[in-house]
Amino acid sequence: MSQTNEKERSPFVNRVFAVVRQIPFGRVTTYGRIAHYVGAGRSARMVGYALRNCPDDVSENAHRVVNRIGVLTGGWSWGHPAIMRGLLEDEGVTFIDEYQVDLERHLWDPNDELPPLDE
DNA sequence: GCTGTGACTGGGT
DNA sequence: CACCCAGCCACAG
């Protein structure tokens, strides 16, 4: 059988899920910050691609991940951006626009809050 | 196996 | 300030 272990993701994706699960309540982070933390650099797209197929436990924190300007780019993954916005507002996150959060106020950078990657 | 597209980002025009 | 292009990697057609 080939790589039929769908539970086994690439190390990169595994890191992304680990970081997303560690996002504190009421905080938000960006795809680029996560990508940089896992050592992917500009592979921010891969972060979003990974979250698009993330497990349920990660999906609970996935709404805390937005793009570099705080826009809920993946809001439609919840069926509608309003759903994602509601989840963030429920955590006390402030919005500067209909679907744009205040990163200056709630940005959580894993590179600054989390210890350096060391396996 | 090449092409297009995507929950992105940064820089340029 | 708004739009465009190049870079990144993975997956679908």
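Note: hydrogens, waters and symmetry copies are ignored here, and every other heavy atom, side chains too, is used. Lettering follows sequence order; numbering is per chain, from 1.
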If I take atom [atom1] in residue [X] and atom [atom2] in nucleotide [N], what distance separates them, rounded to the nearest angstrom?
{"X": "A/Ile69", "N": "C/dC1", "atom1": "CD1", "atom2": "C1'", "value": "13 Å"}
{"X": "A/Asp109", "N": "B/dT9", "atom1": "CG", "atom2": "P", "value": "12 Å"}
{"X": "A/Arg33", "N": "B/dG10", "atom1": "CZ", "atom2": "C1'", "value": "13 Å"}
{"X": "A/Arg42", "N": "C/dC8", "atom1": "CZ", "atom2": "P", "value": "6 Å"}
{"X": "A/His36", "N": "C/dC8", "atom1": "NE2", "atom2": "C1'", "value": "14 Å"}
{"X": "A/Tyr49", "N": "C/dA10", "atom1": "OH", "atom2": "C1'", "value": "6 Å"}
{"X": "A/Asn67", "N": "B/dG10", "atom1": "CG", "atom2": "P", "value": "10 Å"}
{"X": "A/Ile34", "N": "C/dC8", "atom1": "CD1", "atom2": "P", "value": "20 Å"}

Does B/dG10 have OP1 or OP2 sitting under 4.0 Å from an N or O in the side chain of A/Arg68? yes

On the nucleotide B/dC8, are OP1 or OP2 found under 4.0 Å from the side-chain N or O atoms that A/Thr73 carries? yes

Go through the steps for A/His63 and A/Glu91 under the test side chain to side chain donor-acceptor pair (under 3.5 Å), then give the verdict. CA-CA 11 Å; A/His63 68 265; A/Glu91 298 189 357; 2.9 Å; yes

Do A/Thr94 and A/Arg105 get their side chains close enough for a donor-acceptor pair, meaning under 3.5 Å? yes

Looking only at atom C1', what distance separates C/dA2 and B/dA7, rounded to whole Å? 23 Å

Would you measure the distance from the P atom in B/dG4 across to the matching atom in C/dC5 and give it in whole Å? 14 Å

How long is the span from the CD atom in A/Glu98 to the CG atom in A/Leu72, to the nearest 0.5 Å? 10.0 Å

Rounded to the nearest 0.5 Å, the CZ atom of A/Phe25 sits from the CZ atom of A/Arg64 at a distance of 6.5 Å

Is any side-chain heavy atom of A/Trp78 closer than 4.5 Å to a side-chain heavy atom of A/Leu87? yes

If pairing requires Watson-Crick or G-U wobble contacts with both distances under 3.5 Å, which nucleotide is the partner of B/dG12? C/dC3

Watson-Crick or G-U wobble partner of B/dT3, both distances under 3.5 Å: C/dA12

Testing C/dA10, B/dT9, B/dA7 for proximity to the side chain of A/Met46, the answer is C/dA10

From the options C/dC8, B/dA7, B/dC8, select the nucleotide whose nearest atom is closest to the side chain of A/Ser43. C/dC8

At 4.0 Å (heavy atoms only), tell me whether A/Ser77 reaches a base, stays on the sugar-phosphate, or touches nothing. base

Ignoring hydrogens and angles, does a donor from either the side chain of A/Arg45 or the base of B/dG6 sit under 3.5 Å from an acceptor on the other? yes

